[in-house]
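Sequential numbering from 1 along the given sequence is applied to the chain's residues.
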Amino acid sequence: MGGSEARRTSGFPAELTSFVGRREESADVRRLLSEGRLLTLTGPGGVGKTRLAAQVARRVARTYPDGVWLVPLAVLGDESLVPHAVNDALGVHNETGRPPLDVLVEHLQARRLLLVLDNCEHVLRGCAVLTAAVLAATEGVRVLATSRHRLGLPGEQLYEVPPLSAPEAADLAGSTDAAERYPALRLFADRAAAVVPGFTVGAANQQAVARLCRRLDGLPLAIELAAVRVRALGVDQLVERLDDRYRLLTGGSPASAPRHRTLRSAVDWSHELCTPREQLVWAWLSVFVGGFDLAAAEAVCAGESLDAAHVLDAVAGLVDKSVLVREERGGQVRYRLLVSLRDYGLEKLADLGEVTATRRRHRDHFARLAAEYEQRWFGPDQVALAERLRIDQDNFRAALDFCLGTPGEVQHGLRLASALWFHWVTSGRWGEGRHWMDRALHGGARPDALLTRAMWAGALMSLVHSRCDAVLTGADPPHGVPPADAELPVPTPPPVPAGAYGPGGRSSASTVGFVVLTRVELACTLVSRGRAREAIPLCTEAVALCEAHREQWARAWALRTLGLAYWSAGEYERAAEQARACLRLPYTGQQRQSLARTLDLLAAAEALCGRGERAGVLRGAVDRIWSEIGGNPVEGRRAGRARVAERHARRVLGDEAYERAYRRGGALSGGGRFSRTRWGSRRGVGRGVGRSSTWGR
């Protein structure tokens with residue numbers, strides 16, 4: 001995939017194997033997609049709906065200026081999470097607690113993009129409701145869905161994905177190039193060559209391969225599962241064994257096997273070729289969604305009957321047999337079950353009578369991780385922890401869904417949702433966090449100290465946003481004009497815990513972190529009441545504590561608030577200095593809401609320092625970022641600062657030059673990695689900015 005195409009498609013996994021056949025199908029789907037706004041690819045499991053949708057998406061990417069976005073839904077167990085999943089895929093964050101569908105529709109109203117909803121069948125109503133709302137409220141959005149069942153909406157076009165064609169025996173008479181002419185044979189040859197280098201389909205074996213592919217009804221997943229067996233068995237042996245299975249399943253009439261039974265027989269066959277230990281581990285691993293690492297597999301599978309070494313051997317065996325997909329994410333080796341194989345594993349787990357016990361072990365593992373991360377969020381491992389939370393988000397959701405849907409487990413669900421406050425807040429998913437906590441409370445969970453802390457953290461971030469942005473709603477800087485409530489008392493900040501500035505202190509890092517957040521909150525309150533000078537030492541102390549613990553997220557909040565305090569006090573150069581320090585933090589460059597808010601403050605400071613061109617470029621960049629991530633959740637309050645920056649910059653530059661600078665900022669590429677050094681220095685925000693600066697998605 002070329003660089004420009006990669007920027008237009010998001011969420012699609014890297015192609016680890018070649019895409020075989022489907023030329024006509026791809027053309028048909030592209031044509032139908034051009035004729036209507038909703039197209040659903042239907043067909044049985046394993047027929048290749050997802051792969052075809054991904055191939056089409058890459059082919060049509062240039063048609064959609066705002067990109068093609070994949071939303072994987074197989075991992076969801078709760079229909080109400082469908083809007084959250086779509087927002088996540090699009091990078092739209094909901095910090096306000098508004099209904100996620102409202103936030104999504106608002107984000108999409110002026111966009112031209114293709115939304116690919118993959119594996120809709122088990123959350124069909126949620127997908128239908130979301131799709132109907134999006135299509136009704138937009139003109140430039142189209143939806144491509146994959147599902148075993150139609151969505152049932154007006155205007156929905158259906159395309160049944162056919163199996164790959166395989167020849168009859170008569171079609172092969174005198175032929176030596178059947179693998180080139182028939183996609184099913186070409187797929188088998190391609191996958192078999194991956195496990196047996198040099199394997200080809202030719203005159204000697206093409207009749208046997210064709211018979212095997214016909215037996216498998218041309219289902220790509222079944223063919224791939226069979227091809228991996230070439231390492232141990234010849235093609236004739238594969239056909240013989242599969243013939244025996246069909247006779248067993250169909251009472252001696254293989255021709256009567258429907259496609260879903262064909263796939264089932266292929267998976268049954270793979271299951272029988274696994275060792276008893278591998279079969280057991282396969283069933284246990286089916287409780288994971290979205291992938292897992294070896295430590296998680298050991299936590300769920302190791303116990304009295306299996307130790308960690310046995311689990312490792314079983315995982316390695318399942319990878320060798322193509323039951324588990326091995327992949328790397330965030331520098332970690334992880335494993336994943338394909339949807340059909342996971343469903344099969346869950347059936348086997350139910351047959352064992354171990355569904356609840358295994359899901360409980362899964363829940364306990366991720367509850368331990370959440371508790372550990374909650375204690376370690378303030379410190380040098382913060383960025384790595386945030387990334388791990390993001391990667392395992394689907395498993396945390398599955399654990400929460402189990403707790404809130406199983407009698408007697410709701411208190412565990414509340415505790416888990418509350419322990420994840422750092423994830424909900426820092427990733428901009430506070431709306432989802434509130435969803436889980438409210439659901440637990442409505443289910444009878446008792447509020448506890450952890451819930452109180454989580455709700456306080458979420459409310460604090462909302463308060464910081466609103467108070468800091470509300471400071472600048474007027475036409476001019478507010479220094480010297482205290483609000484009417486300026487004399488109201490402000491609470492005394494809690495004392496800094498003993499040893500807080502050193503790694504050997506008696507207080508936990510988490511405790512120090514909450515002290516820092518409290519200081520930031522009080523500083524925002526003071527600034528909003530016209531007492532900015534009193535806020536400066538609080539922020540300075542908060543920044544020092546963050547630096548002592550090598551922390552970034554709270555430091556970004558403290559630096560922005562310190563910059564705002566200086567801005568409110570009329571010290572614009574020092575305000576710009578704090579904003580640039582914030583931009584030099586990796587967290588700020590990677591988290592686009594933080595980036596937008598920091599550039600917003602820097603634009604205002606640069607404008608009032610007389611650097612109109614920089615302010616114009618920055619304002620254009622800020623508006624570009626907000627438009628890409630769904631709009632500023634406090635847009636009305638932020639408008640004052642925008643007006644200040646624009647009015648002062650226009651005064652320095654003149655209207656025409658300001659508009660050029662603003663357009664240059666708005667044209668900055670959103671496809672690459674954001675350059676902290678360019679924005680984070682005075683020199684970088686000057687001449688030439690906008691020609692090469694980029695920020696990451």
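Side chains of V75 and R397 form no contact here, defined as non-hydrogen atoms less than 4.5 Å apart. Residues R453 and L450 are in side-chain contact: their nearest non-hydrogen atoms beyond the backbone lie under 4.5 Å apart. Within the 4.5 Å cutoff, the side chain of E372 has no heavy atoms near those of the L385 side chain. For the pair Q591/T426, no side-chain contact is recorded, criterion being any heavy-atom separation below 4.5 Å from C-beta on. Put simply, the side chain of H122 does not reach to within 4.5 Å of the side chain of R148, judged on heavy atoms. The shortest side-chain heavy-atom distance between Q411 and D448 falls under the 4.5 Å cut-off. Using a 4.5 Å heavy-atom cutoff, the side chains of W626 and R597 are in contact. At least one side-chain heavy atom of S80 sits under 4.5 Å from a side-chain heavy atom of H435.
Within 6.0 Å of the CD atom in E139, the count of heavy atoms belonging to other residues, nucleotides or ligands does not exceed 12. Heavy atoms of other residues, nucleotides or ligands lying less than 6.0 angstrom from CZ of R112 number 12 at most.
Closest approach of A128 to L153, counting heavy atoms only: O-CD1, 3.6 Å. What you find for G126 and V82 is that their closest heavy atoms are O-CG1, 4.0 Å. Closest approach of A386 and F422 over heavy atoms only: CB-CE2, 4.1 Å. When all heavy atoms of S510 and Q375 are compared, the pair lying nearest together is CB-O, 3.6 Å. Across all their heavy atoms, E79 and L124 have their closest contact at OE2-N, 3.4 Å. For the residue pair A299 and H365, the shortest heavy atom distance occurs at CB-ND1, 3.3 Å.
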request  = Give the intermediate values and the outcome of side-chain contact (heavy atoms from CB on, under 4.5 Å) for residues L285 and V300.
outcome  = CA-CA 8 Å; L285 294 179; V300 169; 5.7 Å; no
key: Chi angles and distances behind the salt bridge (Lys or Arg N to Asp or Glu O under 4.0 Å) call for D293, R388   = CA-CA 11 Å; D293 60 16; R388 179 60 188 270; 2.9 Å; yes
task = Show your reasoning for whether side-chain contact (heavy atoms from CB on, under 4.5 Å) applies to E25 and V161.
result = CA-CA 8 Å; E25 293 92 331; V161 179; 5.7 Å; no
task = Assess whether side-chain contact (heavy atoms from CB on, under 4.5 Å) is satisfied between L151 and V143, documenting all intermediate values.
result = CA-CA 11 Å; L151 298 185; V143 176; 5.5 Å; no
task = For the pair T131 and L115, evaluate side-chain contact (heavy atoms from CB on, under 4.5 Å) and give the outcome as yes or no after the intermediate values.
result = CA-CA 9 Å; T131 301; L115 204 57; over 6 Å; no
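In this pair, F288 and F366 present their aromatic rings perpendicular. The plane angle is above 60°, beyond the 30 to 60° band.
Here the CG-CG distance, from L33 to L39, works out to 6.0 Å after rounding to the nearest 0.5 Å. Between atom CG of residue N395 and atom CG of residue L389 there is a gap of 12.0 Å, rounded to the nearest 0.5 Å. Summarising the geometry, atom CG belonging to L400 is positioned 12.5 Å from atom NE2 belonging to H412; distances are rounded to the nearest 0.5 Å. The line from OG of S427 to CG of D88 is 7.5 Å long, rounded to the nearest 0.5 Å. Distance NE2/H442 to CG/L404: 12.0 Å, rounded to 0.5 Å. In this structure, OG on S270 lies 10.5 Å from CG on L318, to the nearest 0.5 angstrom.
When T40, N119, D118, T42 are each tested for a side-chain hydrogen bond (donor to acceptor under 3.5 Å, both in side chains) with T146, only one passes: D118.
Between D392 and R334 a salt bridge is recorded (basic side-chain N to carboxylate O distance below 4.0 Å).
Of the possible donor and acceptor atoms, one in the side chain of R142 sits under 3.5 Å from a partner among the backbone N and O of G36. For the pair R37 (side chain) and L135 (backbone), a donor-acceptor distance under 3.5 Å is present. In this structure, W553 contributes its side chain and W377 its backbone to no donor-acceptor pair below 3.5 Å. Of the possible donor and acceptor atoms, none in the side chain of S418 sits under 3.5 Å from a partner among the backbone N and O of R415. With hydrogens and angles disregarded, no donor-acceptor distance shorter than 3.5 Å links the side chain of K348 to the backbone of Q279. No side-chain donor-acceptor contact under 3.5 Å links T138 to the backbone of G140. Remark: the backbone N or O of L32 is paired with a side-chain donor or acceptor of Q157 at under 3.5 angstrom. No donor-acceptor pair under 3.5 Å is formed between the side chain of D381 and the backbone N or O of R376.
If you check the side chains of D268 and Y344, you find a donor sitting under 3.5 Å from an acceptor. Residues E432 and W436 have side chains that bring a donor and an acceptor to within less than 3.5 angstrom of each other. A donor-acceptor contact closer than 3.5 angstrom links the side chains of W421 and E374. A donor and an acceptor atom, one from each side chain of T356 and R360, are nowhere located under 3.5 Å apart. In the model, Q382 has a side-chain atom that pairs as donor or acceptor with a side-chain atom of E551 under 3.5 Å.
Checked against the 6.0 Å centroid criterion, the rings of F402 and H362 do not qualify as a close aromatic pair.
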